[in-house]
Amino acid sequence: MSRNFLSELNPQQKEAVSSDGPLLIVAGAGSGKTRVITYRFAHLAKKLQPSSIFTVTFTNKAAEEMRERICPLLGRDLRQCWIGTFHSQCLRILRREIQHLGYTNDFSIYDDNDQLSLIRHILKELNIYEALYKGVLQKISFFKSSLIKPEDFLSQSDGFGFEERLAKVYVRYQDELKKSNGLDFDDLILMTIRLFEEHPKVFKKYQQCFEEILVDEFQDTNPAQYRLVKLLAEPHRNICVVGDDDQSIYRFRGADINNILSFEQDFPDAKVIKLEQSYRCTQNILDASGGIISRNQKRREKKLWTDKGSGETVCYFWLSSEEEEARHIAKIIREFYLKNNYGYGDFAVLYRVNTQSRAIEDTLQTEGIPYKVVGGLSFYHRKEIKDLTAYLKLVINKDDNVSLRRIINCPPRGIGASTISKVEQHAKKKGLSLYAASKALLRSNGIVSSMKDKLETFAALIERLSEKSYKDTAELIKAILEETKYAESVDEDRAANIDEFVSAAMGKDVKEFIDRLSLTSTADDSAASGQVSLITLHSAKGLEFPVVFIAGLEEGLLPYLKAKAPEDFSEERRLLYVGMTRAKDLLFLTGAKKRRIFAKIKEQRPSRFLLDLPKEVCTIVDKIPRNLKAAPEASMTAKPLPPAYMVGSRVKHPVWGVGVIRDCYGEGDEAKVTVNFPNIGVKKLSIKFANLEKLI
DNA sequence: GGGTAGGAGGTTTTT
DNA sequence: CCTCCTACCC
C-alpha cells in the first residue's frame, strides 16, 4: 500500500491516474490502458472505500482481469466491490430492488436466443408473415438500447405502415416480457435506469454509495449505458471514461461512437487526456494503421508513437486464390517458426467472417501446424444446454413463458400445437402466465381429457422438481434428467456436453448458477498456448500477437459487401485498424483474386483501404504469375465506384411512384433493390429493368 | 402430433 | 454449398 504507483507511469498516464473531476482518457492501441485503470482504482482507494468505486467493463474477462490486477496493488479482498460488466452490475442492483418496478426478484434473464423465439411467437400471433423477422429483433433491441419508446418512433413514422407494425410488435414484446417476469439484456440496463428515475429514494442510496465512476471501453457504450453512468455520476461528478474512438466496432449492436466524440458536451469541465505512446506496435505498424484510420472523418485526432523502433515494413500479398492465400500464410508461419524466432502461439490469422477460417484451417492441418479457432459457438449456446437451462429457469420462475414454450414438449410428451394454443388463449383471456393458465385449465376441467392427462403430467413434473430442495445445481439437473429422460434421446456428443454441464454445476447455488450462465457467453478457455490463433477481427479486439495476418483484404469482404452508408465504411475501416494494431512486430495483409462465396467462385478486387497505406512503410507484393494476371496495377489504383443506389434514398418508379429504398444488393446488371412504396408495399426490383429515377 | 421435403438466405456479436 | 425454417403430408 505504501508503493508509489506513479513512478511506474509515463507523464500522461500519471495525470490520468491522479486527475479529479470528469475525465476522458483517450487510450490509443497498446498505450497501457488497463494499467492506467487499475492504478487509478488503486490510487482512488487510498482515500475511498473500494466499494464506493463503480467500475464497468464490457466483458466478464475484462472485469476479472481488472480484479486480479487491482488485488495485489491493494492487498485486500475485492469480492464485495462494484467491478463488473454493465449487465452484471445492473443485475446485482435489480435482484435487490426490482420489486419497486412490479417484478419479483426471481425474474428470468433472456438472451438473444430467447428474444428471437419470443419475437417469432409474436409475429406469428399477429399474422405478420414478411421475411423481416430477423431484422425485427435487431430493430427493437436498437430502439431499447437507444432509449426510444414505441410512441417515440411512431410519431415520426413515414406512413408506410412499417413503423406501426413494428411498434405493435415492440409493445407486445415488452408486454410478454413483463408477463413472464423476464428481462432481456437491454432491460437489465433500462430497468435500472427506470428504477433510478422513478424511485428517488432508491436512486439516492446508490448515488451516495458511488463516489467514483469508472467506465472502460467507453467507445462501445450505447445511449442507455451512458445514461446510466451519467445518472450515477450526477452528485459527485467524478466520472472517468476510458476508450478509443478508433476502435469502436460494435455500432451494429447499438454502440454509439458519439458518446466518446462529444463527451465534453455533457461535461464541459471535463479534462481530456490522450495516451499516445504505444507499448505494443512498431513505428511502421503504427504508421501503416494510422494511414488507414486517419481517413475517417468523425474521430479524435491522435498521433501514436513508440520507442520500439521502426521494425519491418508491413507487407501486402496479392494471391491467386483463397487456397493460395492460406498456403502463403502457412509458408510464412513455418519459416518464422523454423528460424526459431517465434512459437506457434505467437501467430494469429485475423479475418472478417468466420467462413474464411475454413480454407486456412484445411491448409494448416495438412501442413501440420497446430492451430485453434477462437470464438465460434459457445458451450452454453448448445441446444441441449439451453434446454436444460430452460428447465432450471422455469423451476425458479414459473411465469417464464419463453422457457416453458421451449421445453413443454421437449423431450416430446405429446403436447402439441393445439394443446399449447388452448393454453395460450386461456392465458390471454385471464391475463395469466402460461404455467398459471395450465393449472387453471386443469382445475376448471375446460379441456378434453387426452390433452388433460398430458398437461397434468407436465405440471406435476414441474411441481415435483420445485418442491424438493437440492444441495446444489448439479442435483437439480440430475433430477431433471431422470424425470424427463432427456439424455436418452440425444447422441453421444450431446450426452458428453450434458455430463460436462452437470459437473460445471456441482457445488453451485441454483439462482447464482443461472445468473452466471445467463451473463456468460464464452467458456473462458481462450488461453492459446503453442497454437496459431484463427480469429475474427471483432473477437481480436483487446488481444495482441507478435505476428499478425489479416486475410481477405478484398472488396466485398473488407469492407464487407453489406456496408452501404458512409458510417458503415468508417466502421469497416476501424475494424481493419483494430486488426492491424493487434500486431507487435510483424504484420502481413493478404488478398485473393478468386474466392468461393457461397457456391460461386467470384473475382475479387483488392480492398479500397489499401490505397491509404503509406508507401514508405508498406511493401506490396503481387504473387500472381505474369501470364495469368489481369492488370492488377489498374485494379489496385482504380477507385471502386460508390454504389449508385443507397439505403434510405428516394426513387421514382413509372407506375408505383415515389418510394424509399430499404435494401440493395448485387452488382452491375445483377443489382437489385427493395423499395417501399406507400400504399403499395415492398417491391423487389432489378435496377437494369425497373427504370427507376433517382430523387435527391 | 410428428416427420420430411423444398426453399430461402447466408456479417460481425462483449452481455 | 449448407443450414435452418416452413409448409405440408401422413
Side-chain angles (χ1 to χ4, degrees), chain A residues 56-64 84-91 109-117 120 123-124 129 131-135 137-138 141 145 183-189 216-217 219-222 224-225 247-255 350-356 358 375-378 380-381 383 408-421 450-451 454 515-522 524 526 535-543 552 556-564 568 571-572 574-576 578-579 596-601 663 665:
Chain A
V56 271
T57 60
F58 271 83
T59 65
N60 295 302
K61 207 176 135 203
E64 255 156 62
T85 62
F86 270 102
H87 297 87
S88 68
Q89 307 268 51
C90 288
L91 179 63
I109 301 170
Y110 291 147
D111 67 15
D112 36 11
N113 218 309
D114 302 324
Q115 291 176 284
L116 202 62
S117 61
R120 226 179 277 154
L123 289 179
K124 223 172 253 169
Y129 293 113
L132 37 77
Y133 80 90
K134 263 249 165 81
L137 174 59
Q138 215 191 344
S141 177
S145 62
L183 269 59
D184 67 16
F185 284 143
D186 295 316
D187 280 338
L188 289 173
I189 316 292
D216 190 19
E217 304 282 13
Q219 76 282 354
D220 290 331
T221 50
N222 62 38
Q225 290 161 334
Q247 294 187 58
S248 168
I249 53 172
Y250 284 103
R251 197 171 86 94
F252 68 95
R253 293 190 87 179
L350 277 42
Y351 39 77
R352 177 66 233 258
V353 292
N354 290 114
T355 48
Q356 285 177 261
R358 185 70 164 273
L377 193 66
S378 104
Y380 299 111
H381 277 60
K383 185 187 172 298
I408 190 167
N409 201 31
C410 171
R413 50 173 72 87
I415 302 179
S418 56
T419 309
I420 295 171
S421 107
S450 62
M451 287 180 178
K454 287 162 181 161
D515 279 354
R516 218 195 150 76
L517 220 55
S518 307
L519 296 186
T520 310
S521 68
T522 45
D524 303 302
S526 54
I535 187 167
T536 62
L537 288 161
H538 282 92
S539 309
K541 202 184 83 179
L543 305 178
L557 216 45
L558 192 65
Y560 195 74
L561 46 84
K562 291 268 165 96
K564 285 156 201 153
D568 295 335
E571 178 125 328
E572 296 288 316
R574 289 193 291 267
L575 202 46
L576 175 58
V578 167
R596 275 188 122 79
I597 306 235
F598 304 133
K600 282 186 227 138
I601 294 188
D663 202 4
Y665 41 94

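Letters A, B, ... are given to chains in the order of the sequence lines, protein chains preceding strands, and every chain is numbered from 1. All values reported here derive from a predicted model rather than from experimental measurement.
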Separation of [X] atom [atom1] from [N] atom [atom2], in whole Å?
X	N	atom1	atom2	value
A:Lys124	C:dC5	NZ	P	10 Å
A:Tyr560	B:dT13	OH	C1'	14 Å
A:Arg358	B:dT11	CZ	P	15 Å
A:Leu575	B:dT14	CG	P	14 Å

> Looking at residues at least two apart in the chain, or sitting in another chain, which of them share a side-chain contact (heavy atoms from CB on, under 4.5 Å) with A:Asn222?
Replying inline: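 Residues passing side-chain contact (heavy atoms from CB on, under 4.5 Å) with A:Asn222: A:Ser145, A:Ala224, A:Gln225.
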>> Using the side-chain contact (heavy atoms from CB on, under 4.5 Å) criterion, which residues pair with A:Arg253? Sequence neighbours excluded.
In response: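 Scan of A:Arg253 (side-chain contact (heavy atoms from CB on, under 4.5 Å), adjacent residues dropped) gives A:Tyr250.
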>> Distance check, rounded to the nearest 0.5 Å: A:Leu91 atom CG versus A:Ile109 atom CD1?
In response: 4.5 Å
> Could you state the interatomic distance from OG1 (A:Thr221) to CG (A:Asp216), rounded to the nearest 0.5 Å?
Replying inline: 11.0 Å
>> Using the side-chain heavy atoms of A:Val353, tell me which of these nucleotides is nearest: B:dT12, B:dT14, C:dC5.
In response: B:dT12
> Is the base of B:dT11 syn or anti, if syn means a glycosidic angle within 90° of 0?
Replying inline: syn
>> Is it true that, when you exclude A:Arg596 itself, more than 12 heavy atoms of the residues, nucleotides or ligands shown sit nearer than 6.0 Å to its CZ?
In response: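 Not buried by this count: 12 neighbours or fewer within 6.0 Å.
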Tell me whether the side-chain N/O atoms of [X] come closer than 4.0 Å to OP1 or OP2 in [N].
X	N	value
A:Thr536	B:dT13	yes
A:Asn354	B:dT13	yes
A:Asn60	B:dT14	no

Touch check for [X], heavy atoms < 4.0 angstrom, all strands: base, sugar-phosphate only, or nothing?
X	value
A:Phe86	nothing
A:Thr57	nothing
A:Asp111	nothing
A:Gln356	nothing

> Which residue, A:Tyr250 or A:Phe598, contacts DNA chain B at a nucleotide closer to its 5' end, judged by nearest heavy atom?
Replying inline: A:Phe598
> So, do A:Phe252 and B:dT12 meet the stacking rule of ring centres under 5.5 Å and planes under 30°?
Replying inline: yes
>> Quick test of the criterion, 5.5 Å between centres and less than 30° between planes. Is A:Phe58 stacked on B:dT15 or not?
In response: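 Answer is no, no stack.
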> Is the shortest distance from a Lys or Arg side-chain nitrogen in A:Lys61 or A:Glu64 to a carboxylate oxygen in the other one below 4.0 Å?
Replying inline: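 Result for this pair is no, no salt bridge flagged.
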> Hey, is the main chain of A:Tyr560 close enough, under 3.5 Å, to the side chain of A:Glu572 for a donor-acceptor pair?
Replying inline: yes
Restricting to nitrogen or oxygen on both sides, can you table the protein-nucleotides 1-4 of chain B pairs closer than 3.5 Å?
residue: B:dG1; atom: OP1; partner: A:Gly416; partner atom: N; Å: 3.2
residue: B:dG1; atom: OP1; partner: A:Thr419; partner atom: OG1; Å: 3.0
residue: B:dG1; atom: OP2; partner: A:Gly416; partner atom: N; Å: 3.1
residue: B:dG1; atom: OP2; partner: A:Gly416; partner atom: O; Å: 3.3
residue: B:dG1; atom: OP2; partner: A:Ala417; partner atom: N; Å: 2.7
residue: B:dG1; atom: OP2; partner: A:Ser418; partner atom: N; Å: 3.3
residue: B:dG1; atom: OP2; partner: A:Ser418; partner atom: OG; Å: 3.4
residue: B:dG2; atom: OP2; partner: A:Asn409; partner atom: ND2; Å: 2.9

